[in-house]
*Asks:* 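Below: one structure in structure tokens.
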Amino acid sequence: MPPSIVITEPVPRWRVWALQLFRALLLLTLCVASFYAGMRYQRQLPTVTALAAPVVGAEAVPPAAENPAAPIQPPTDLLAARSLEGLQVQSLRLVPDRAVPGQLLYEFELVNTGRLFEGTYEFLLMGVQDGRPQQWTFPPTDQPPPAIFRVRVANYVRISGKIQFPGGWQPQAAVLSLSEKTGLRASRGLELGSNTGSKAATGQ
């Protein structure tokens, strides 16, 4: 019995292309689904707790009973650098303005390796005035922050400005915090020392 011969028609080229396109779309869909699943998981991770806003107007903090004029000892957790979702304060510098007494010049650099940051920044300042510990925020928390304190960071930005503090007030520490609608995104603290009026304070 002679062997049977089966002749198959060639697969049309458009069908091959359609099959390859379908596989590519399926692979792309799986990649996108995995990406959004990872983002959702990351958002469910514990976030950094925002710093409690101090009382505006430099309301006094009760001094130590043994030494009322003792300088403030900022908690270590306030001065520690914090970073969430890739945003970090790469450097922070505060220096007295030689031309204007009672004024600090600040400069800091922000590096972002995560999602876009759109929010505001503020300083928590701690020091001593008339022998009593004081703390206040700049800009004040009882009013919307000016446009100058709003910042947008895609990858990198450098920001500088001035802080005017009350006469006779001796700054000893500062904490820079960057917040968005979901809360605190990054922060960094810096001890200024008791002689800030004559030297710069930097944190790299």
Side-chain angles (χ1 to χ4, degrees), residues 50-64 67-82 87-112 117-153 156-180 184-204:
L51 299 176
V55 179
V56 180
E59 183 174 343
V61 176
N67 186 5
I72 290 179
Q73 297 296 330
T76 304
D77 59 341
L78 281 182
L79 299 180
R82 288 175 171 81
L87 180 69
Q88 62 177 339
V89 183
Q90 188 176 51
S91 66
L92 174 61
R93 180 172 182 266
L94 290 99
V95 60
D97 189 346
R98 299 181 182 276
V100 181
Q103 184 167 269
L104 290 175
L105 304 178
Y106 66 84
E107 181 180 89
F108 58 89
E109 294 176 297
L110 302 176
V111 175
N112 188 18
F117 172 79
E118 289 184 293
T120 59
Y121 71 90
E122 70 173 15
F123 286 92
L124 168 63
L125 299 161
M126 293 163 278
V128 174
Q129 185 177 28
D130 299 327
R132 295 175 61 85
Q134 307 281 349
Q135 67 177 27
W136 55 289
T137 57
F138 184 81
T141 56
D142 60 347
Q143 56 187 349
I148 189 175
F149 291 95
R150 301 185 183 277
V151 60
R152 184 176 187 271
V153 187
Y156 170 86
V157 68
R158 175 182 293 176
I159 298 175
S160 60
K162 303 175 181 179
I163 300 176
Q164 184 70 42
F165 52 83
W169 186 72
Q170 191 174 48
Q172 295 178 336
V175 178
L176 168 66
S177 60
L178 294 104
S179 304
E180 52 191 359
L184 185 69
R185 179 85 177 268
S187 67
R188 183 163 184 174
L190 183 67
E191 290 191 51
L192 306 179
S194 59
N195 193 27
T196 308
S198 59
K199 65 178 181 180
T202 60
Q204 299 295 334

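When a residue number appears, it is its place in the shown sequence, counting from 1. All of these numbers come straight from a predicted model, not from anything done at the bench. Hydrogens, waters and symmetry mates are skipped; everything else that's a heavy atom, side chains included, is used.
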*Asks:* What's the spacing between Gln88 CD and Ser187 OG if we round to 0.5 Å?
*Replies:* 12.0 Å

*Asks:* Output the distance between atom CZ (Arg82) and atom CZ (Arg188), rounded to the nearest 0.5 Å.
*Replies:* 13.0 Å

*Asks:* Quick check for you: to the nearest 0.5 Å, what is the distance between Thr120 atom OG1 and Ile148 atom CD1?
*Replies:* 13.0 Å

*Asks:* Please give me the minimum heavy-atom distance between Leu104 and Pro171, naming the atom from each residue.
*Replies:* CD1-CG, 4.4 Å

*Asks:* Could you work out, with side chain to side chain donor-acceptor pair (under 3.5 Å) as the rule, every residue matching Gln164, not counting sequence neighbours?
*Replies:* none

*Asks:* To check you understand the geometry: which heavy-atom pair defines the closest contact between Ala174 and Leu79, and what is its length?
*Replies:* O-CD2, 4.3 Å

*Asks:* Once salt bridge (Lys or Arg N to Asp or Glu O under 4.0 Å) is applied, do any residues pair with Glu107, and if so which ones, sequence neighbours excluded?
*Replies:* none

*Asks:* Any chance you could measure Phe123, atom CZ, to Leu190, atom CG, to the nearest 0.5 Å?
*Replies:* 9.5 Å

*Asks:* Nearest 0.5 Å, what's the CG-CG distance between Leu105 and Leu94?
*Replies:* 9.0 Å

*Asks:* I need the Gln170 CD to Gln134 CD distance, nearest 0.5 Å.
*Replies:* 12.5 Å

*Asks:* Give the C-alpha distance, both sets of side-chain angles, the deciding distance and a yes or no for side-chain contact (heavy atoms from CB on, under 4.5 Å) between Gln90 and Tyr156.
*Replies:* CA-CA 10 Å; Gln90 188 176 51; Tyr156 170 86; 4.2 Å; yes

*Asks:* Who pairs with Phe138 by ring pair (Phe, Tyr, Trp, His ring centres under 6.0 Å), at least two apart in sequence or on another chain?
*Replies:* Phe149

*Asks:* How would you list, by chain and number, every residue that makes a side-chain contact (heavy atoms from CB on, under 4.5 Å) with Glu180, sequence neighbours excluded?
*Replies:* Arg115, Phe117, Thr182, Arg185

*Asks:* Measure the acute angle between the ring planes of Tyr106 and Phe108, then classify it against the limits of 30° and 60° as parallel, tilted or perpendicular.
*Replies:* parallel

*Asks:* Can you name the nearest heavy-atom pair linking Asn112 to Leu87, along with the distance?
*Replies:* OD1-N, 3.7 Å

